[in-house]
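Hydrogens, waters and symmetry mates play no part in the numbers below; they use all other heavy atoms, side chains included.
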Amino acid sequence: MNAPLAAVVLCAGKGTRMKSEMAKVLHPLLGRPMAWYPITRAFEAGCQQVVAVVGHQAEQVKTTLAKAFEGQPLAFAVQQQQRGTGDAVASARAALTGFSGAVLILYGDVPLLTADTLSRLVAAFRAGKGPLAMVSCRPGDPTGYGRVLRGPGGRVEGVVEHKDATPQQRLIQEINAGLYVADARFLWGALETLTPQNAQGELYLTDIVAKAAKEGEVAVVEADPREVEGVNDRAELAERAELLRARINKRHMQAGVTLTDPASTFIDEGVEIGPDTVIGPSVTISGECEIGSGVTIGQGSVLVHTTIGDGTDVKPYSVFEDAVVGPRCQVGPFARVRPGSVLDEGVHLGNFVETKKTRLKKGAKANHLAYLGDAEIGAGTNVGAGTITCNYDGVNKHQTVLGDGVFVGSDTQLVAPVKVGDGAFIAAGSTITDDVPAGALALSRTAQTNKEGWAERRKKVLEGMAKKKD
Ligand code: UD1
Ligand code: CA
């Protein structure tokens, strides 16, 4: 039987170069805080417990991560002073009291680590006879990293930090990625023996590698250097985001989604998209979004926390936020679907239509230039161009309720609170302040008068005035 797994994720660093009020590990990457990625990978690898070691901005980090992993076994340990990576891992010990098995050690600022590398690391540890397995890589320039020291036959003997390395050792191209899995008993014992006798006066976690090499063979798994790169400043944050975004886009394409221009498509982590959906150029889909199958999302559209049903056609430059759109709807171009908008099946929302806290029932249409706020629009109701719900009296918001099969003529103002019964007609240009009974015609404009020959008479009068002036 495989020993149980736990993980320690180091999140205590200051992140000075981010020049930010926000803790480095909380900076968002594709809609998730940076540390969400390694913590998620740890859970995916089968960890029964994950401990995040926090220090700088500890409260902020704890609150955000606890919320992101609600209901999952994520615990926190506080590292009071940043005395080095060895000290950071040691501060997680109390949170893992009673745990016996293998402990994964990851960094909260290394978001690109893949599940594949982690499972190779765990497999190498389980297959080996030593108390430790680690990840190494060969970046273009190893400057600054710890170097992997190998002895006769390539056997790993330890890690030397760049600052402590001899010129000879600095020529070594294989670096320590900083990701390990270690037997818990060995780990806690080894950490107790660390001393800060080194160039930086820190307790180096890397010193446990030499100790492990004395007890058995240290297994090494090599990874793509791009995968184990951390984030130190905002330029690196953007570089990591770029790669993560490409991975997400590829995953969707492999699952049957067409991205017309993946390079300009921004899809957050966690977004779900059904097959045969086509996403045009320059589209952003962020937050908790669920897009059905056979959907078209036109160029330049932006979706935030929004659900789109199967077969819906979103035309270019439409913007959605906290909205639920049913199947087979037509929206846009240039529609603005604001929070609390619910579109049932087959609804049409055309250009320059804005909705907020409004439900349009099955087959309702508002095809041009309308504002529908705090409203309920019945099934099959047609809202004419230029219709406006006057929902705000300067203090409070009020409801407009239109029944089924209502015909709202163009340029109507519905002064809320107001109700219109099923099948009623509202004449174009009306200002509706009172409820309209079902089946009635409501008309609230002055009767039209035509003055025959008026235009010709006016022309003559004006011409006469012009002559007098000459
Ligand atoms: C570490 C390794 C080095 C490796 C490199 C890979 C050590 C001594 N060295 O160096 O061999 O090549 O990672 O990136 O481990 N942290 C804390 N508390 C601390 C110190 C650090 O939580 O007291 C966290 C940091 O926030 C960061 C991680 O640990 O997420 C690594 O710390 P960092 O100072 O970047 O280590 P390096 O010097 O880069
Ligand atoms: Ca580092």
Is the shortest distance from a Lys or Arg side-chain nitrogen in [X] or [Y] to a carboxylate oxygen in the other one below 4.0 Å?
X: Lys460; Y: Glu463; answer: no
X: Glu242; Y: Arg245; answer: yes
X: Arg17; Y: Glu236; answer: no
X: Arg251; Y: Glu269; answer: yes

> Quick check: are there more than 12 heavy atoms from other residues, nucleotides or ligands sitting under 6.0 Å from CZ of Arg126?
Replying inline: yes
>> Take a 6.0 Å sphere around CZ of Arg93 and say whether it holds more than 12 heavy atoms from other residues, nucleotides or ligands.
In response: yes
> With Glu452, which residues qualify under side chain to side chain donor-acceptor pair (under 3.5 Å), at least two apart?
Replying inline: none
> Do you know the tightest heavy-atom contact between Lys356 and Lys397?
Replying inline: NZ-NZ, 4.0 Å
>> Please find the pair of heavy atoms, one from Asp268 and one from Ser286, that lie closest to each other, and give the distance.
In response: OD2-CB, 3.2 Å
>> For Leu96, is there any backbone N or O sitting under 3.5 Å from a side-chain donor or acceptor partner on Gln49?
In response: no
> Are Thr114 and Asp116 linked by a side-chain donor-acceptor pair shorter than 3.5 Å?
Replying inline: no
> Side chains of Tyr392 and Asn396: do they bring a donor and an acceptor to under 3.5 Å?
Replying inline: no
> Under 30°, 30 to 60°, or over 60°: which ring-plane class applies to Phe334 and Phe352, parallel, tilted or perpendicular?
Replying inline: parallel
> So do the side chains of Thr387 and Leu414 get within less than 4.5 Å of each other, counting heavy atoms only?
Replying inline: yes
